[in-house]
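A, B, ... follow the sequence lines: proteins, then strands. Residue 1 opens every chain. We use all heavy atoms of the structure for the numbers below, so side chains are in, but hydrogens, waters and symmetry mates are not.
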Amino acid sequence: MIDINLIRENPQFVKENIKKKFQDKKLDLVDKIIALDKTKREYQQEGDKLRAQRNELAKKIGSLMREGKKEEAEAIKKQSVENNERVAELEKLTAAAEAELKTAMMAIPNIIAEDVPIGKDDSQNVEGKVFLEPKQKSFDIPYHLDILESLNGIDLDSARRTSGNGFYYLVGDIARLHSAVLSYARDFMIDKGFTYCIPPYMIRSDVVSGVMSFEEMEGMMYKIEGEDLYLIGTSEHSMIGRFMGTVLSENSLPQTLTSYSPCFRKEKGAHGLEERGIYRIHQFEKQEMIVICKPEESEYWYEKLWNYTVELFTSMEIPVRQLICCSGDLADLKYKSCDIEAWSPRQKKYFEVGSCSNLTDAQARRLGIRYKNSKTGKNEFAHTLNNTVVAPPRMLIAFLENHLQEDGSVYVPPVLRPYMGGREKLVPKK
RNA sequence: GCAGAGAUGGCGGAGUGGUCGAACGCGCACGACUCGAAAUCGUGUUACGGGCAACUGUACGGGGGUUCGAAUCCCUCUCUCUGCGCCA
């Protein structure tokens, strides 16, 4: 959500921003908001005036009663009752206008950064920096499920029986590798000065509706039957929810947090050949980073965050690149965003393994995350950012494809060995 | 899960229908004193919204109700504490 003052003062600027995102359908919304805002204030002003009168009358009644002038008091009561009818009416009108205004405001996209490339959709995203040259392989890389099976690392048949499509059993060395990657990523972030958190894996509906739109909720979130609880789709949900409606002291910023959680997603409507296997699934685990900082620092942290992910992947000797999200592909809450993509030697292309976003104050405004600015003495909205550290098992696809050797073994890079009992490679069974 | 008690500003904590946006204390800010500081004294200090302003509205865990008027009474939800029960 953007600041309504920006729409009042500079509607043209807001419209330009909407055009940049190719959402021309929303241009009329800006004028609608200006009109709604005006009516809302008119209702509010009339209501305020009447309420002021009511307060005064109530005071008068109080003093008359104390003096024992009952009849006079009764007369004023009557007047007040009439007054209250109009107040109730205005309250309804104001609430309705406010609700409509809020819905419209939610649909207005955040102002995007000046350096966001302009483009219609994901086909126009722009390649940023590339890290590590992909190694030329002298043999064909099999589909990741085949690699997993050769290592006796996965049991999808049983998972389909117990839980259905989109679930998996990871087994043996692969299960251990999965945990090793998460543990290494956790320690990596702790070494960068981040605070490690394990958040709740279920959150209430008011938190869910705070962090996402109704449509997103329908398509993603699993609800617990008979409870007002949802399984989180990412730890960002509970991590950001932690700060809802709070005022942080300035010296507690920046909050640099790294959280671990399983993530649960319905993935409604997702399909496609490359999404078989463990690419798109209902349950995975993720190490995440979250930063809440002062507005002037969010650009700095954005650069830092995505570079941490790059550093983590290159330390595991996996080639990655940054893919800069273009204006049309940028979610409405985002100021700027980029994906970190890992090289797939089998597909000979990069695929997404993480996503870094600076939401500026849009998320904070929506959720009421503020800090006390010592210079102005005011409570102001903080900036929020989030980024994937690493999310297995999807990340394991990149790992296995890049580290598979011609003899069928899988190379374990030195940084992971302490978490793998010193193993230097995984060897196929049989 | 059952029973009882409770939820008030940045914090502690008064307040049980009108004079309460809230005593008092702590903290914080500014000023005085001082060569400087501590101590002391004085002043200020809830948030959000509307209005050019004067000013004004709303909010005492959330929601609803009673009343001319609710921090205060009623209903409901959430959370906390104490005891019991259950459990890795």
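- Distance check on atom C1': rU56(B) versus rG61(B) gives 27 Å, rounded to whole Å.
- Contact between the side-chain N/O atoms of Arg51(A) and the OP1/OP2 oxygens of rG49(B) is not found at any separation under 4.0 Å.
- Looking only at distances, no side-chain donor or acceptor of Ser80(A) sits under 3.5 Å from a matching main-chain atom of Ile76(A).
- Rounded to an integer number of Å, the gap from Asn84(A) CG to rA70(B) P is 9 Å.
- For the pair Lys77(A) and Gly62(A), nearest-nucleotide mapping onto RNA chain B gives the more 5' position to Gly62(A).
- Between Glu380(A) atom CD and rA47(B) atom P the separation is 13 Å, expressed in whole Å.
- Ile76(A) comes within contact range of no nucleotide atom at all, as no heavy-atom separation falls under 4.0 Å.
- Looking at Asp121(A), its side chain never comes within 3.5 Å of a backbone N or O of Asp329(A) through a donor-acceptor pair.
- In this model, no side-chain donor or acceptor of Asp206(A) finds a partner on the base of rG62(B) within 3.5 Å.
- Nucleic acid contact class of Arg365(A) (heavy atoms, under 4.0 Å, all strands): none.
- Under 4.0 Å is where a charged nitrogen must lie from a carboxylate oxygen, and between Glu100(A) and Lys40(A) no such pair does.
- The nearest whole Å value for the distance from the CD atom in Glu56(A) to the P atom in rG57(B) is 9 Å.
- Within the 4.5 Å cutoff, no side-chain heavy atoms of Val412(A) are placed close to those of His403(A).
- Listed pair Asn379(A) / rC48(B) meets the phosphate criterion, a side-chain N or O lying under 4.0 Å from OP1 or OP2.
- For the pair Arg54(A) CZ and rC68(B) P, the computed distance is 11 Å after rounding to whole Å.
- Distances shorter than 4.0 Å separate some side-chain N or O of Arg204(A) from OP1 or OP2 on rC79(B).
- Whole-Å rounding puts the Tyr43(A) OH to rU58(B) P distance at 20 Å.
- Whole-Å rounding puts the Glu91(A) CD to rG65(B) C1' distance at 14 Å.
- If you take atom C1' in rG65(B) and the same atom in rU72(B), they sit 15 Å apart, rounded to whole Å.
- Proximity of Asn55(A) to the phosphate of rG57(B): a side-chain N or O atom is located under 4.0 Å from OP1 or OP2.
- Whole-Å rounding puts the Lys38(A) NZ to rG51(B) P distance at 12 Å.
- Interatomic distance, Leu177(A) CG to Leu182(A) CG, rounded to the nearest 0.5 Å: 10.0 Å.
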